[in-house]
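Following: one structure in structure tokens, then a few remarks.
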Number of protein chains: 2
Amino acid sequence: MTDPNPAGLAEDTAARLRAQVIAGHLRPGQRLSETRLAADLSVSRNTLREVFRLLTREGLLTHAPNRGVSVAVPSMAGVLDIYRVRRLIEVPALAQAWPRHAAVLRMAECVAQARIAREAGDWRGVGSANMSFHAAIVALTDSPRLTAFFAQAMAELRLAFGLLDSPEQLHAPFLQENGAILELVQQSDMDAAAARLADYLDRSERVVMTAFARLENGVTPG
Amino acid sequence: MTDPNPAGLAEDTAARLRAQVIAGHLRPGQRLSETRLAADLSVSRNTLREVFRLLTREGLLTHAPNRGVSVAVPSMAGVLDIYRVRRLIEVPALAQAWPRHAAVLRMAECVAQARIAREAGDWRGVGSANMSFHAAIVALTDSPRLTAFFAQAMAELRLAFGLLDSPEQLHAPFLQENGAILELVQQSDMDAAAARLADYLDRSERVVMTAFARLENGVTPG
DNA sequence: TCATTCTGGATTGTTCAACAAAACTGGGCG
DNA sequence: CGCCCAGTTTTGTTGAACAATCCAGAATGA
């Protein structure tokens, strides 16, 4: 009961390492020594290599032949691509959704949890709830492939967020926006909800891109 | 020059095994013994396990804990999901495409190659060209994530096609359709091209689903 | 002084051997 | 006929080993 699916050591370790990467414990660009990290995670080097394959395929790590793997360093092109994917998937998902789908409940829970986290000043929690909210939107499609693909893209996006200073500025303005979208969905006005989501994505993208540009200008001098 | 990217033994082996699965050399549901397959592919068992992780994540293999991996057995729900993904990605890709994109050339090449293959009676070649044609459509977006995701879905779809008898019936009616879409694109009439593509997908889905239903009824009696 | 070459050490890529744990197989028994 | 139980096979994981490659710093030469 405590462990519904043992799922094997490799996937478990992959989840742990993924969490560390997303949480920013490992900085983008940092090389990951196989022996060292294997010791840190208490797994064998072979098992760690299986984990590396998975996370590399997910886009969180990059692999250079004979030079090992490093944490992927997000690029503006990558962020742009991810937002295009988000628009392409999320907006139709919401527009064609069934108003009484189970995932609507999850959306509501995410909005509530985001508010609780904001009250507590837990900005990382706010970010997590926001991500879950949009994951729930995609879950409206009942498509396992879309859901998995979207989760992957969101993990990459979180990695990019970790680069920016003050992630609170990124999520705070959009808290009420999520609530508004949820209300429109609950009123079965899917077209309005989708339009509002599209606007959300445009603005969010702009905020992230400007923050990113400022970062790159600051890091790479003239 | 002969080998532009060594890319490592694992990914090379993954490509080989992927080709074997797609080509139908390994039947869906068949269990893959690690030691045996490792010997067949002339790689170590550890390397093969890395390959298994990759292809499992791609959806071509399934992994049961302590029971090894087997070739994934396509389901009607899976095919349905894949066609939804195709519609969601391909139609907007075509609708918003730049008429002079480089991928349009690849589309033309695929149409030509499909015709050549049909003349030669090479139906598997026709199928490959058809797949490449739609991959080129997605390439119109210049989105690496969409392209990779779509390629994965198409690989799964090919696995499902392998189940059906007489795959020629699946591709033959759509050869001219591809040509018509290409002409509309070359005339910069993207809306018409997208509409025709949507119609193509609807009809193709129906053909595949009926073939699939006939198969399942024949296999599972009563 | 500066650029080049060389060399030693560290890291990756891959294989092999070993073992615990779980699943499958076949026979024995109620 | 169904259940249990030992033996065998297969998976899951680890550790060690070795070649190939890369990296840093010393040695060399202009």
Side-chain angles (χ1 to χ4, degrees), chain A residues 1-21 25-73, chain B residues 1-21 25-73:
Chain A
M1 291 230 185
T2 58
D3 199 341
N5 193 6
L9 182 57
E11 280 154 18
D12 188 39
T13 308
R16 257 195 302 163
L17 185 55
R18 191 185 298 121
Q20 283 196 18
V21 169
H25 276 196
L26 278 3
R27 289 192 196 161
Q30 179 174 356
R31 280 189 56 181
L32 301 179
S33 159
E34 292 188 351
T35 57
R36 228 183 78 121
L37 193 56
D40 280 359
L41 296 172
S42 306
V43 295
S44 137
R45 199 158 75 93
N46 284 323
T47 302
L48 183 63
R49 284 175 63 84
E50 293 186 19
V51 172
F52 278 171
R53 298 277 177 197
L54 288 184
L55 298 197
T56 298
R57 168 78 48 150
E58 287 182 26
L60 292 180
L61 304 180
T62 61
H63 169 88
N66 289 317
R67 219 166 302 176
V69 306
S70 354
V71 181
V73 30
Chain B
M1 290 234 184
T2 59
D3 200 342
N5 194 5
L9 182 57
E11 279 154 18
D12 188 38
T13 308
R16 257 195 302 163
L17 185 55
R18 191 184 298 119
Q20 284 196 19
V21 170
H25 273 198
L26 278 3
R27 290 195 193 161
Q30 179 175 357
R31 281 188 56 180
L32 301 179
S33 159
E34 292 188 352
T35 56
R36 230 184 74 124
L37 194 54
D40 281 359
L41 296 171
S42 306
V43 296
S44 136
R45 199 158 76 95
N46 285 325
T47 303
L48 182 63
R49 284 175 62 85
E50 294 186 18
V51 171
F52 278 172
R53 299 276 177 196
L54 289 183
L55 298 197
T56 298
R57 170 78 46 149
E58 287 182 26
L60 292 180
L61 304 180
T62 61
H63 169 87
N66 289 318
R67 220 167 302 177
V69 306
S70 355
V71 180
V73 28

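Quick note on labels: first sequence line is chain A, next is B, and so on, each numbered from 1.
Along DNA chain C, read 5' to 3', the first and last nucleotides having any atom under 4.0 Å from a heavy atom of chain B are dT14(C) to dC24(C).
Here the side chains of Phe52(A) and Thr47(A) are not in contact, with every heavy-atom distance at 4.5 Å or above. Side-chain contact between Leu32(B) and Leu48(B): absent, with no pair of heavy atoms (C-beta onward) separated by less than 4.5 Å.
Projected onto DNA chain D by closest heavy-atom contact, Arg31(A) and Asn66(B) fall at different nucleotides, the more 5' of which corresponds to Asn66(B). Residue order along DNA chain D, read from the 5' end via each residue's closest nucleotide, puts Arg53(B) first among Arg67(A) and Arg53(B).
Within the structure, every pair that satisfies the side chain to side chain donor-acceptor pair (under 3.5 Å) test and touches residues 26-37 of chain A, not counting sequence neighbours, is listed here: Ser33(A)-Thr35(A), Glu34(A)-Arg45(A), Glu34(A)-Arg49(A).
For Asp12(A) and dG12(D), the CG to C1' distance is 14 Å, given to the nearest whole Å.
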Tell me which donor-acceptor pairs under 3.5 Å the side chains of residues 60-67 of chain A have, and how far apart each pair is, sequence neighbours excluded?
none

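Remark: Ser33(B), Glu34(B), Arg45(B), Asn46(B), Arg49(B) in residues 33-51 of chain B come within less than 4.0 Å of DNA chain D through at least one heavy atom.
Proximity of a side-chain donor or acceptor of Thr13(A) to a complementary backbone N or O of Leu9(A) within less than 3.5 Å is detected.
Partners of Glu11(A) by salt bridge (Lys or Arg N to Asp or Glu O under 4.0 Å), not counting sequence neighbours, listed by chain and number: Arg53(B).
The heavy-atom pair separating Gly29(A) from Ser70(A) by the smallest distance is O-CB, 3.8 Å.
To the nearest 0.5 Å, atom CG of residue Asp12(B) and atom CG of residue Leu17(B) are 11.5 Å apart.
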